Student: 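Structure in structure tokens, see below.
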Amino acid sequence: MPWVDLPVKGGTYKNIEEEALNAVGASLLDGYLDEFGNVVGRPGLVEFCDLQTGEPVDGIYWWPVQKIAIAVSGKKVFKITDNNGSYVDITGDVNGDHETIKKLVRPTYADFGDKLYLANGAEPFVIRTPSISGLGIDLDTDAEHDIAIAAGSCKDTATDNTITLASALTKQIDASWSYGTNQGGFPSVLSLAADTWYKVFLIEDTTNNRVDAGFDTDSSATNLLADAPTYTRYRWIGSVLTDSSKNITEIIENGKTARLTDGDIPTEVTHVAVLDKYLIANEKDTSIVWFSDVAAPDSWSGDYFEPETKPDYVGALHAEYGEIYTFGRESTERWYDDGSSPWAHNPQGDTGRGWIAPYSVVAVDNGFIGLDEDRQVVKLQGASYQVLSPAVNAYIQGFETVADARGDHIVIAGRPFYILSFPTEGKTLVYNYTLPGDVPSTWLGWSEWTRFNAVTAEHEAFLGNCHAYSDKWNLNLVGDRRTGKIWKLDTSATTDGGGAIRTVRRTGFIDHGKYGHKKSRSLRVRIKRSQQGGKLLVRWRDRAQENAWSSLREYSLGDSGDLEQIVTIHQLGRYQTRQWEFVLSDNAKMLLMGAQEFIE
């Protein structure tokens with residue numbers, strides 16, 4: 001028999017017992033397929049920053065307008081300001097007398113440009129105008145009427161120039177505005193009212209090089225600036241609330257998280273979204289979808305709609321492609337702004353398809369990918385869907401808990417991937433959903449990512465817990481499932497923070513079309529490296545028992561300048577069926593391009 005190709009070009013196939021596989025590979029760990037079916041070692045993890053919470057990073061969001069990242073970990077919120085991982089805790093007192101930010105719950109986000117709304121199980125909370133450094137606001141000596149503003153800086157609203165307050169400033173809400181500290185800050189055209197929110201503005205006179213502050217009800221500080229006509233720059237830096245006696249009773253600092261105080265706001269929200277200037281939120285374990293007043297996301301009037309096809313709980317919602325999509329346990333619906341209702345049901349989008357894991361649903365390619373009610377990974381486009389997981393359905397069916405599954409969309413080296421993590425099970429499945437349509441059906445796009453424990457020599461749960469991509473920094477950021485660390489997912493990295501990555505390709509039990517005994521004369525494996533070094537480890541077994549594995553044979557690829565090598569192994573014994581396992585290791589970027597066996 002001549003040289004015969006072994007089925008190493010392909011992904012994971014978990015739907016059939018390994019001993020029943022022949023021409024299809026059984027598993028692929030810590031790698032993915034390129035367009036030609038070659039096995040590529042997955043990117044490594046490089047530490048970006050450590051939030052020092054000692055808790056998992058529950059979520060990361062790239063805020064494109066503000067050009068910063070927002071991370072949630074250990075019931076705290078952090079602002080990451082540059083590609084060196086510099087960060088600031090902006091939690092503020094949002095948790096107050098109850099738990100607004102929860103732990104171990106993935107947050108969702110609604111981006112209004114200058115305001116970002118978040119929710120992860122309680123009422124939504126907000127981050128306003130985050131381009132602020134310092135400028136903390138506290139009550140001063142006259143705690144009923146005076147506020148003290150700490151030194152700091154912020155961006156001007158209109159010109160993006162920086163306004164800097166060099167030293168602390170005290171302003172009085174019960175006196176008309178006048179320049180300087182311990183002076184009035186209230187517009188002369190207004191009357192101080194009870195039970196009213198007043199915005200606090202930092203203002204700048206560029207002609208006379210003066211910086212001051214004051215109060216106003218107008219979002220553009222129109223009334224305040226009428227008393228200070230030479231001041232042309234301003235920034236809203238916070239708000240104060242008066243009580244029934246017109247005394248200051250509450251302070252909110254912009255640039256930090258803040259609770260929403262409207263009495264009609266829902267209190268158990270898992271998903272928020274924004275569409276047509278409405279803030280939209282589901283209510284946990286109900287069929288209700290609430291929405292704010294138009295162009296006023298802080299103001300709610302008790303308005304809502306509910307799914308119409310089935311009395312279904314709305315587990316997730318997304319605002320994509322000009323519509324609101326509601327994802328229930330038994331249904332999917334689309335809603336659009338009809339200009340009057342304002343939300344009307346679009347029955348053409350109904351599928352009757354339910355979703356068992358709300359956080360698994362991710363928007364991709366004018367549709368969605370997620371884990372449906374039958375524990376299948378499906379791609380939904382319009383009212384049609386495609387099952388993507390024939391290769392791993394049985395594997396997922398065997399998991400005890402799947403409702404907590406989380407989905408992420410990541411682009412690696414120009415290739416888009418759907419990442420599906422099962423926190424309770426400690427499993428992370430990865431799917432390259434745009435492999436060319438003309439590739440052989442055996443080149444399946446699934447793989448599994450892990451963390452290799454060098455002490456136990458076991459593959460454990462992958463470190464990643466959430467993801468965000470920064471277009472400004474061109475970084476894929478990954479939150480750690482155990483600690484407050486945030487990693488860079490880096491295609492040039494060969495370790496996970498110094499820990500080894502082992503890419504493992506395992507075949508099925510190969511018989512080469514003949515059930516009789518065969519003698520394996522030689523095996524040759526084609527490897528390409530992007531750098532010197534690296535090792536190839538090979539083992540095999542001839543029956544489906546764990547103790548039947550041979551010992552690992554190790555082949556160092558050395559420091560040769562030849563980055564493409566063919567490793568040849570001789571005298572490999574006799575067998576009827578054989579399963580091969582190939583391991584790429586030793587902190588080198590490698591490509592498994594093929595393997596052949598010479599059989600007699």
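Note that the structure is a prediction, hence the values are computed from the model and not measured. Sequence positions, counted from 1, serve as the residue numbers for this chain.
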Student: Is the backbone N or O of Y336 less than 3.5 Å from a side-chain atom of E323, with the two atoms forming a donor-acceptor pair by type?
Tutor: no
Student: Is it true that, when you exclude K379 itself, more than 12 heavy atoms of the residues, nucleotides or ligands shown sit nearer than 6.0 Å to its NZ?
Tutor: yes
Student: Would you confirm whether S550, through its side chain, and W540, through its main-chain N or O, come within 3.5 Å as a donor-acceptor pair?
Tutor: yes
Student: Between L116 and Q66, is there a side-chain heavy-atom distance shorter than 4.5 Å?
Tutor: no
Student: Evaluate ring pair (Phe, Tyr, Trp, His ring centres under 6.0 Å) for W3 paired with F598, printing each intermediate quantity in order.
Tutor: CA-CA 5 Å; W3 287 99; F598 193 90; 5.4 Å; yes
Student: If you apply the rule ring pair (Phe, Tyr, Trp, His ring centres under 6.0 Å), what do you find for Y433 with Y418, and how did you get there?
Tutor: CA-CA 7 Å; Y433 62 87; Y418 174 67; 7.8 Å; no
Student: Would you indicate whether Q545, at its atom CD, is surrounded by more than 12 heavy atoms from other residues, nucleotides or ligands within a distance under 6.0 Å?
Tutor: yes
Student: Among F327, Y325, Y313, find the residue that satisfies the ring-ring contact (aromatic ring centres under 6.0 Å, His included) test when tested with W355.
Tutor: F327
Student: Got more than 12 heavy atoms from elsewhere within 6.0 Å of NZ, K284?
Tutor: no
Student: With distance as the sole test, does D374 use its side chain to make a donor-acceptor pair with the main-chain N or O of Q376 at under 3.5 Å?
Tutor: no
Student: Taking the side chain as every heavy atom from C-beta outward, state whether Y359 and H271 have any pair of such atoms under 4.5 Å apart.
Tutor: yes
Student: Quick check: do L463 and V478 have side-chain heavy atoms less than 4.5 Å from each other?
Tutor: no
Student: How close do I80 and W473 get, heavy atom to heavy atom, and via which atoms?
Tutor: O-CH2, 3.6 Å
Student: Donor-acceptor pair, distance only, cut-off 3.5 Å: does the side chain of D312 make one with the backbone of E330?
Tutor: yes
Student: Under a 4.5 Å cut-off applied to non-hydrogen side-chain atoms, are P416 and V364 in contact?
Tutor: no
Student: One thing to verify: whether D350 and K310 come together as a salt bridge, which I'm taking to mean a side-chain N less than 4.0 angstrom from a carboxylate O.
Tutor: no
Student: Using a 4.5 Å cut-off on heavy atoms from C-beta on, say whether the side chain of F422 contacts that of R406.
Tutor: no
Student: Do you know which of N474, I410, V411, I60 makes side chain to side chain contact (heavy atoms under 4.5 Å, CB included) with Y469?
Tutor: N474
Student: Where is the tightest heavy-atom contact between D82 and F48, given as atom of each residue plus distance?
Tutor: O-CZ, 3.5 Å
Student: R415 side chain to Y32 main-chain N or O, any donor-acceptor pair under 3.5 Å?
Tutor: no
Student: Please determine whether side chain to side chain donor-acceptor pair (under 3.5 Å) holds for the pair T270 and N282, giving the CA-CA distance in whole Å, both sets of side-chain angles, and the decisive distance to 0.1 Å.
Tutor: CA-CA 7 Å; T270 64; N282 72 330; 2.9 Å; yes
Student: Which heavy-atom pair separates S389 from V377 by the least distance, and what is that distance?
Tutor: OG-N, 2.9 Å
Student: Given the rule in the side chain to side chain donor-acceptor pair (under 3.5 Å) test, do T577 and E19 qualify, once you have shown the distances and angles that lead to the verdict?
Tutor: CA-CA 9 Å; T577 62; E19 55 266 39; over 6 Å; no
Student: Decide, yes or no, whether a salt bridge links E460 with R482 under the criterion of side-chain N to carboxylate O below 4.0 Å.
Tutor: no
Student: Mind checking whether W335 and L317 have side chains closer than 4.5 Å, heavy atoms only?
Tutor: no
Student: Between E448 and H459, do the side chains contain a donor N or O and an acceptor N or O under 3.5 Å apart?
Tutor: no
Student: After noting the C-alpha distance and the side-chain angles of F368 and Y321, does the key distance pass the ring pair (Phe, Tyr, Trp, His ring centres under 6.0 Å) rule?
Tutor: CA-CA 11 Å; F368 298 90; Y321 323 120; 5.7 Å; yes
Student: Above 12 or not: heavy atoms from other molecules or residues under 6.0 Å from CD of E17?
Tutor: no
Student: Are side-chain N/O atoms of T424 and E400 paired as donor and acceptor at under 3.5 Å?
Tutor: no
Student: At their closest point, which heavy atom of R334 faces which heavy atom of G382, and how far apart are they?
Tutor: NH1-CA, 3.8 Å
Student: Any carboxylate oxygen within less than 4.0 angstrom of a Lys/Arg side-chain nitrogen, looking at D408 and R106?
Tutor: yes
Student: If only atom types and distance count, is the side chain of K535 paired as donor or acceptor with the main-chain N or O of V583 below 3.5 Å?
Tutor: no
Student: Just how far is it from atom CG of L536 to atom CG of L552, taken to the nearest 0.5 Å?
Tutor: 10.0 Å
Student: Between R578 and D542, is there a side-chain N and carboxylate O pair less than 4.0 Å apart?
Tutor: yes
Student: Work out which heavy atom in A26 is nearest to a heavy atom in R505; give both atom names and the distance.
Tutor: N-NH1, 3.8 Å
Student: Can you tell me if D30 uses its side chain to pair, donor with acceptor, with the backbone of T450 under 3.5 Å?
Tutor: yes
Student: Looking only at heavy atoms, which two atoms of V39 and L33 are closest? And how far apart?
Tutor: CG2-CD2, 4.2 Å
Student: Indicate yes or no: does R506 engage E581 in a salt bridge with an N to O separation below 4.0 Å.
Tutor: yes
Student: Cation over ring, R353 on Y385, under 6.0 Å and within 45°?
Tutor: yes
Student: Is it the case that the side chain of E55 and the backbone of G74 share a donor-acceptor pair, with hydrogens and angles ignored and the cut-off at 3.5 Å?
Tutor: no
Student: Has the side chain of D511 got a donor or acceptor atom that lies under 3.5 Å from a matching backbone atom of G513?
Tutor: yes
